[in-house]
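The figures here come from the full heavy-atom set of this structure, side chains too, leaving out hydrogens, waters and symmetry mates. When a ligand or atom number is given, it counts from 1 through the structure's own listing order.
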Amino acid sequence: MYKNIEEAAQYIQSQISHQPDIAIILGSGLGGLKNEIDIDLKISYQDIPHFLKSTVAGHSGELIFGYFQGKKILMMSGRFHYYEGYDMKQVTFPIRVFKKLGIDKLIVSNASGGVNKAFAPGDVMLIRDHINFFPENPLRGKNLDEFGPRFPDMSEPYDLKFLQGLKLVAAERNIPVFEGVYLGLQGPTFETPAEYGMVQRLGADAVGMSTVPEVIVAKHQGMRVAAISVITDVGGPDLKVPVSHEEVLNAANVAMPKVISLVSGFLKNLDQF
Ligand code: HPA
């Protein structure tokens with residue numbers, strides 16, 4: 001495992017001219033963020049040793065290197081999901097490689113279903129905490145001591161200073177944002193009304209099929225994480241609202257300008273957060 005991570009990192013290192021300041025993972029329908037980057041170089045997943053290929057429509061599969069608000073960015077376009085059939089080590093492999101490249105900051109974005117009654121489709125939720133409801137933990141098995149401890153602290157999975165920074169940017173730019181807890185389920189089914197009810201009662205504000213594994217691994221290796229979720233639909237035990245992948249992408253589109261502005265303001269002042 002460690003050797004594979006090293007080989008992937010070495011290949012990427014041989015292609016890039018400088019180390020990125022921060023990595024950004026693009027969520028469903030949030031590809032518009034790519035247009036904001038002054039692109040230096042793209043590396044297709046298929047060219048990187050031991051990297052997987054992404055299988056979902058709307059996720060392409062490349063690492064993009066460039067500049068955004070003067071910061072050196074590594075953007076991951078196309079992430080791996082547990083529901084695609086990969087195991088958790090595969091899903092989180094890129095996060096290990098990022099650390100090996102010397103990156104210690106991560107912005108994660110995703111699309112999620114809201115269960116907080118205050119939410120509406122197209123809203124943006126800053127993730128303050130999560131509940132791991134996947135059937136597996138990415139750290140299960142032999143601990144990679146080179147990266148972090150056997151029993152990692154999870155008292156602050158999402159960096160509080162980053163969260164405050166995002167809230168500051170939102171306030172300054174008049175971007176309406178919520179703050180809440182994200183619960184990760186394996187999918188690929190969207191939730192039944194009863195499952196939305198369960199998510200609500202478990203204390204989460206939104207539910208989705210990604211993010212939690214990546215954040216666990218990022219925290220294990222001491223990375224600081226900020227996460228932004230776009231609410232694409234709102235469900236509950238008494239709501240029968242059909243959800244489709246198209247609706248998810250449409251709602252993400254509506255929220256796109258807010259997400260771009262948030263990330264842009266955040267990166268601009270990154271050194272202060
Ligand atoms: N559940 C409900 N709605 C969603 C999800 C999900 O996992 N992902 C994006 N919108």
Can you tell me which residue pairs pass the ring-ring contact (aromatic ring centres under 6.0 Å, His included) test with a partner in residues 1-41, sequence neighbours excluded?
Y2-F147, H18-Y67

Over 60° means perpendicular and under 30° means parallel, so tell me whether F273 and F266 are parallel, tilted or perpendicular.
parallel

Mind telling me whether Y158 and H130 have parallel, tilted or perpendicular rings, with 30° and 60° as the class edges?
perpendicular

Please identify each residue that fulfils side chain to side chain contact (heavy atoms under 4.5 Å, CB included) with V181, with sequence neighbours left out.
R128, D129, I131, A204, D205

Centroid-to-centroid, Y86 to F80, below 6.0 Å?
yes

At a 4.0 angstrom heavy-atom cut-off, ligand 1 is contacted by A111, S112, G113, F190, E191, Y196, V207, G208, M209, T232, D233, V248

Who are the side chain to side chain contact (heavy atoms under 4.5 Å, CB included) partners of P152, not counting sequence neighbours?
L139, P149, H220

